[in-house]
Amino acid sequence: MEKRIYNFSAGPAILPEEVLLEAQKELFTLPGVGMSILEISHRSKTFDAILADAKNGIKQLLNVPDNYEILFLQGGASLQFSMVPLNLMPPKNKADYISTGSWSKKAIKEAKRVGTVNVAATTEEGEGENKFFKRIPKQSELKLDPDASYVHFTSNNTIYGTQWMSEPEVDNVPLVCDASSDILHKPIDVSKYALIYAGAQKNIGPSGVVLVIIRKDMLERSPDSLHTMLNYKIQAENDSMYNTPNTFGIYIIKLVTKYLLNLGGLEKMYEINKAKAKLLYEAIDNSNGFYKGHAEKKSRSLMNITFNLATPELEKKLIDEATKAGFSGLKGHRSVGGLRASIYNAFPTKGVEDLVTFMSDFQKRNS
Ligand SMILES: *Cc1c(COP(=O)(O)O)cnc(C)c1O
């Protein structure tokens, strides 16, 4: 078999090797079925069981209460930027958004097409071309409207490498979260949320499927006038199968949840994630300023570690040498530059250790 390299891509991103090998083994035919997941009907008993397993996996891992629906939709997290306001903003047609990065801003852009958006806080700094985010706002900075239809926040800012340590406090206003880049990285209390959505391709599966966990009372808000495919209530009534779902994506999510349960669940995953991120942040902090972390320390993400070197030339040199040495995907997002190591759940500790060694060698050779 060909050798795999270290994949630091921000998304689509690394999946557990066990999951890839199991999918490979079953790709010619699912056990006892004589057909592959790519070929079977979504209305078959076989697929019913796969969908149920994927839902149960999510339910068990996150302790999802019974008054929530688990949906697997399409159009990515980006379509949720529209579906959330279309379904949940009426009848008041106003919502609070907390702006902590590029994805929050995109969510705000779509929400404004539906109703009034109150930006309850933004941590954007800088001017013109040089705008950036490097922190999560404090609770005291939030200017929340108690009468808003919901409050939206982005739990992990994939591009800037910042993350909420705990949910914003929003009293009785429904809380909505874009958790695309940190879903399942630690246990959370789902009962604090009215809706959580996450594009699968960062932490739970391949692209083309988005997980939506929605409290059942929220389904009553979906206006009948809404287009069918955009309507959460109809998607829930049809168990995510109003049309043909992403069968392969849901199958991989089933395998990923099984893998995480076997590992010991999200408490265990969280311990591993904290240890991995610590290795890398310590390497940055102990480099005498050769490497500079982008995010403020209190807002640092466990999933996307963003940092800079003294010059763009030196950054390019590191990326080129790292690529040759088998570390892929370290270039920062085009909008911010620098470097970004995405170390999602499936990223191995050994890969982080090897990167730290590489960075220390690179520093010796270049300072
Ligand atoms: C990647 C990402 C998105 C966009 O996901 P798509 O599935 O490509 O639409 C949205 N929000 C966050 C936080 C992301 O990391």
Side-chain angles (χ1 to χ4, degrees), residues 1-24 26-27 36-38 50 54 57-58 61 71-81 101-103 106-107 154-161 163 177-185 196-212 240 244-260 269 273 276-277 301-306 319 322-323 326-336 339-348 351-352 355:
M1 211 189 300
E2 275 209 52
K3 189 174 175 291
R4 284 169 59 79
I5 61 173
Y6 290 134
N7 177 7
F8 291 92
S9 167
I14 188 166
L15 286 165
E17 286 191 1
E18 289 86 338
V19 167
L20 296 178
L21 291 171
E22 187 166 357
Q24 182 189 45
E26 294 187 349
L27 191 61
S36 84
I37 179 65
L38 299 175
I50 290 170
I58 297 288
L61 285 166
L71 307 175
F72 297 109
L73 306 181
Q74 297 178 63
S78 298
L79 188 59
Q80 295 309 305
F81 297 163
S102 312
W103 295 116
K106 287 188 174 165
T154 314
S155 53
N156 183 70
N157 298 281
T158 325
I159 294 174
Y160 294 95
Q163 187 173 30
C177 179
D178 174 0
S180 294
S181 52
D182 67 356
I183 186 85
L184 301 191
H185 91 293
I196 301 168
Y197 63 93
Q201 71 272 21
K202 276 120 193 186
N203 233 356
I204 55 174
S207 59
V209 55
V210 53
L211 168 69
V212 175
S240 306
T244 317
N246 179 342
T247 46
F248 183 72
I250 294 167
Y251 163 77
I252 296 292
I253 292 176
K254 168 199 141 153
L255 297 186
V256 169
T257 58
K258 190 174 83 173
Y259 162 83
L260 287 169
M269 192 67 252
N273 282 329
K276 281 191 296 188
S301 168
L302 297 184
M303 301 280 101
N304 311 96
I305 282 115
T306 47
I319 292 164
T323 306
F327 303 95
S328 162
L330 285 171
K331 196 167 186 290
H333 189 271
R334 56 192 140 74
S335 64
V336 294
L339 287 96
R340 170 175 54 176
S342 297
I343 51 169
Y344 298 116
N345 282 354
F347 195 91
V352 179
L355 178 65

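Values below: all heavy atoms of this structure, side chains included; hydrogens, waters and symmetry mates excluded. Start at 1 with the first residue, then count along the sequence.
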Distance, nearest 0.5 Å, that separates [atom1] of [X] from [atom2] of [Y]:
X      : Y      : atom1 : atom2 : value
Leu339 : Ile319 : CG    : CD1   : 4.0 Å
Leu211 : Leu184 : CG    : CG    : 7.5 Å
Lys202 : Asn156 : NZ    : CG    : 9.5 Å
Ser342 : Ile14  : OG    : CD1   : 11.0 Å
Ile250 : Ile50  : CD1   : CD1   : 9.5 Å
Leu330 : Ser9   : CG    : OG    : 10.5 Å

Can you give me the closest heavy-atom contact between [X] and [Y], atom names plus distance?
X      : Y      : answer
Ala277 : Leu302 : CB-CD2, 3.6 Å
Gly326 : Ile5   : O-CB, 3.5 Å
Arg340 : Ile159 : NH1-CA, 3.5 Å
Ser155 : Asp182 : OG-OD1, 2.7 Å
Ser180 : Ala77  : OG-CB, 3.3 Å
Ile58  : Ile253 : CD1-CG2, 4.2 Å

Side chain to side chain contact (heavy atoms under 4.5 Å, CB included) between Leu260 and Met269, intermediate numbers included | CA-CA 7 Å; Leu260 287 169; Met269 192 67 252; 3.5 Å; yes
For the pair Ser301 (side chain) and Met303 (backbone), establish whether a donor and an acceptor sit closer than 3.5 Å, ignoring hydrogens and angles.
-> yes
Can any side-chain N or O of Gln201 pair as donor or acceptor with the backbone N or O of Gly76 at less than 3.5 Å?
-> no
Start with the C-alpha distance between Leu73 and Tyr197, add both sets of side-chain angles, then the distance that settles side chain to side chain contact (heavy atoms under 4.5 Å, CB included), and finish with yes or no.
-> CA-CA 10 Å; Leu73 306 181; Tyr197 63 93; over 6 Å; no
Please name all residues satisfying salt bridge (Lys or Arg N to Asp or Glu O under 4.0 Å) with Glu17, sequence neighbours left out, ordered by chain then number.
-> Arg4
For residues [X] and [Y], determine if any side-chain heavy atom of one lies less than 4.5 Å from a side-chain heavy atom of the other.
X      : Y      : result
Ile183 : Ile196 : yes
Val210 : Leu79  : no
Trp103 : Ser181 : no

In Asn203, Asn345, Leu20, Leu255, the residue satisfying side chain to side chain contact (heavy atoms under 4.5 Å, CB included) with Leu15 is Leu20
Any luck finding a side-chain donor-acceptor pair between Asn304 and Tyr344 under 3.5 Å?
-> yes
Side chains of Glu22 and Tyr259: is there a donor and an acceptor less than 3.5 Å apart?
-> no
Which of parallel (below 30°), tilted (30 to 60°) and perpendicular (above 60°) describes Phe347 and Phe8?
-> tilted
